[in-house]
K.L.:
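What follows is a single structure, and I will ask about it in a moment.
In what follows, every chain begins at residue 1, and chains take the letters A, B, ... in the order their sequences are listed.
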2 protein chains.
Amino acid sequence: MTQPPATVREAIRQHYSELTQSERKFANLLLEDYPAAGLASITIVAEQAGVSTPTIARMVQKLGFKGFPQFHRALLKELQAKVSGPTERRANWATEAPDSHLLNRFAKAVTQNLQTTFSNVPSEAFDAAAHLLADTDRPLFIVGGRITHALADYAFTHLQAVRPGVIHLTSSSATWPHYLLDMGPGDTLLMFDIRRYESNLLRLAELARDRGVEVVLLTDQWSSPVAEIATHSFNCWVEIPSAWDSNVSTLMLLEALIAAVQEEAWPETRERYERLDRLFELTRLFRRPGGH
Amino acid sequence: MTQPPATVREAIRQHYSELTQSERKFANLLLEDYPAAGLASITIVAEQAGVSTPTIARMVQKLGFKGFPQFHRALLKELQAKVSGPTERRANWATEAPDSHLLNRFAKAVTQNLQTTFSNVPSEAFDAAAHLLADTDRPLFIVGGRITHALADYAFTHLQAVRPGVIHLTSSSATWPHYLLDMGPGDTLLMFDIRRYESNLLRLAELARDRGVEVVLLTDQWSSPVAEIATHSFNCWVEIPSAWDSNVSTLMLLEALIAAVQEEAWPETRERYERLDRLFELTRLFRRPGGH
DNA sequence: CCCTTTATGAAAAAATCTTTCCACAGTGGC
DNA sequence: GCCACTGTGGAAAGATTTTTTCATAAAGGG
């Protein structure tokens with residue numbers, strides 16, 4: 001027999017699979033704005049979640065409460081416990097885990113990295129880089145290093161959906177000369193180079209530059225030597241309590257760039273997306289979307 | 001004109017002299033057990049204070065509230081403010097760019113996602129999953145979907161450095177049956193499935209489960225159907241102002257998992273890292289580290 | 001000691017909240 | 001294309017909470 005969950009949060013997690021679409025709407029809202037979104041009366045709570053009161057009533061029963069009032073009291077009790085609780089912890093993460101838990105240390109470091117990274121992005125350079133990446137007159141080559149080739153891959157998958165003429169240089173540098181053959185003045189090369197910087201990436205950048213290629217670089221806070229060559233280069237803070245470097249901030253900047261590119265060329269992109277969708281439909285690769 | 005008091009506590013102090021004996025009874029109780037003594041319904045609150053409901057009703061009006069519900073909400077709001085504490089997101093990002101710049105909107109959304117994701121990770125499940133992934137007696141298979149195969153790739157690159165017996169299932173599902181052949185009871189399968197959920201991933205998970213494989217799943221906030229099958233599944237918040245989903249929080253959770261795995265088996269891992277380093281030296285793949 | 005004033009709570013009335021019932025829309029199976 | 005089924009919300013019924021009314025008790029002044 002399973003013991004009753006300690007928190008409402010826990011209860012939602014346990015029963016999430018049984019919840020219907022509308023019920024999840026409220027569940028999601030509550031998880032995002034916890035516990036505030038559940039503290040008003042059922043009428044107001046339902047309204048805020050955009051569902052009807054019976055939906056909320058049914059859901060709290062699924063969670064194991066006898067009725068909404070009981071659910072309400074449970075939330076209230078948690079909130080009080082949190083305040084009177086031992087540490088009166090500052091941040092919202094944690095919930096149950098002690099501050100020294102790896103998760104918390106990690107969260108702290110990553111958040112710090114994101115913040116610093118963002119503060120240090122010059123917005124004009126960002127806009128200019130996005131413009132370059134969005135320009136369909138310029139073929140776009142993408143390449144990453146030993147670790148970052150996953151990021152390059154991610155960039156490729158998304159940018160390919162957004163615009164034509166995107167080429168992914170495979171991680172084996174032996175094949176790079178072939179790609180160099182096709183690069184010409186005005187082309188764009190998106191590179192990732194995080195320490196330890198790879199000499200063949202530098203060599204590639206030099207050769208590309210010699211052919212008039214514009215290089216956009218995502219690197220770490222210490223800057224790869226490729227930065228000297230690049231038209232635009234962005235520094236991402238990567239330090240975490242670990243033997244290796246985090247790429248969360250790099251991914252975030254990459255996603256921001258992709259979003260900017262997509263925004264820049266929306267009409268065509270939209271049409272491209274729709275075509276892509278239809279193609280997927282045809283190949284029946286996907287189930288119907290789950291949430292939403 | 002006196003400004004309205006910031007807290008209920010303050011209001012009580014200001015109006016204490018006007019309060020009658022019975023009203024003070026409740027006022028004292030509330031100040032002693034603040035704010036709990038005021039959070040229930042007026043009936044219960046009155047009972048606990050040993051006075052009648054009209055007494056409470058009259059008193060809260062003296063304090064400047066229109067009625068008990070308003071008083072109740074005020075207390076609640078204070079409590080919430082205390083919990084969320086000095087989060088007070090400063091506009092530290094940005095620096096020069098206006099708030100509406102894509103970068104800022106993006107930063108906001110991603111930070112929100114990270115925070116929500118972290119708050120919703122149950123630490124025991126996290127520890128258990130890390131333990132599973134660290135167990136070198138269990139071969140570890142890794143697989144991702146159309147978009148997430150980049151994440152799977154990233155996971156593979158790192159985990160391979162940490163432990164032996166890591167296998168990356170290529171993104172072409174045609175080859176998966178071959179891998180299934182090698183899976184046996186106790187093996188571990190690390191999966192990524194973000195909407196739109198892919199039916200072949202679900203099928204793979206089912207087949208793996210049937211062979212006694214433990215499935216660890218990283219999915220989005222709406223949960224892939226694979227969650228029903230998985231031993232441990234984690235929800236990552238992925239919504240950003242864009243047509244597609246962000247994988248920043250997913251990557252962060254993945255990195256946290258990798259860090260936990262690495263920490264768990266540090267002595268061997270360290271030795272492995274050093275061997276890897278020497279091998280790289282030999283092949284002269286890398287320049288010397290740049291910064292630091 | 002009486003009268004006025006104020007404080008208090010029981011009980012009714014009003015307002016609000018919660019639950020139940022039911023019809024309808026949408027989905028998927030046959 | 002029909003049928004069964006599930007999910008959903010409108011609306012009524014039921015429960016609870018809040019407010020108001022009012023009778024009574026207590027306190028203080030003459």
K.L.:
Would you give a per-nucleotide map of nucleotides 5-12 of chain D, 5' to 3', where B means the base has a protein non-hydrogen atom under 4.0 Å away, S means only the sugar-phosphate does, and - means neither?
P.N.:
--SBBBB-
K.L.:
In whole Å, I'd like the distance from the CD atom of A:Q70 to the P atom of D:dT16.
P.N.:
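For the pair A:Q70 CD and D:dT16 P, the rounded distance is 14 Å.
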K.L.:
In terms of side-chain geometry, is the basic nitrogen of B:E23 or B:K62 positioned less than 4.0 Å from the acidic oxygen of its partner?
P.N.:
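A salt bridge is present here (some side-chain N lies under 4.0 Å from a carboxylate O).
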K.L.:
Picking from D:dT19, C:dC17, C:dT19, which would you name as closest to the side chain of A:A57?
P.N.:
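Nearest to the side chain of A:A57 among the choices is C:dT19.
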K.L.:
Any ion pair linking A:E10 and A:R13 (charged N to carboxylate O, less than 4.0 Å)?
P.N.:
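Looking at A:R13 and A:E10, the cut-off is met.
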K.L.:
Between A:I44 (CD1) and C:dA15 (C1'), how many Å, whole number?
P.N.:
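It works out to 14 Å between those atoms.
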K.L.:
Using a strict 4.0 Å threshold on nitrogen-to-oxygen distance, state whether B:R211 and B:E206 make a salt bridge.
P.N.:
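Salt bridge between B:R211 and B:E206, a charged N being under 4.0 Å from a carboxylate O: no.
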K.L.:
Could you state the NE2-C1' distance from A:H72 to D:dA15, rounded to the nearest angstrom?
P.N.:
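It works out to 16 Å between those atoms.
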K.L.:
Of the non-hydrogen atoms in B:V226 and B:D193, which two are nearest, and what is the gap between them?
P.N.:
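Closest approach of B:V226 to B:D193: CG2-OD2, 3.9 Å.
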K.L.:
Before you tell me yes or no, could you show the steps for A:R163 and A:E264 under salt bridge (charged side-chain N to carboxylate O under 4.0 Å, His left out), namely the whole-Å CA-CA distance, both residues' side-chain angles and the distance that decides it to 0.1 Å?
P.N.:
CA-CA 11 Å; A:R163 52 158 285 179; A:E264 181 145 339; over 6 Å; no
K.L.:
Whether the side chain of A:E255 engages the backbone of B:N247 through a donor-acceptor N/O pair (distance < 3.5 Å, no angle test) should be reported.
P.N.:
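It does hold such a pair.
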K.L.:
Could you give the CD1-to-P distance, from B:I42 to D:dT17, as a whole number of Å?
P.N.:
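Taking CD1 of B:I42 and P of D:dT17, I get 11 Å after rounding.
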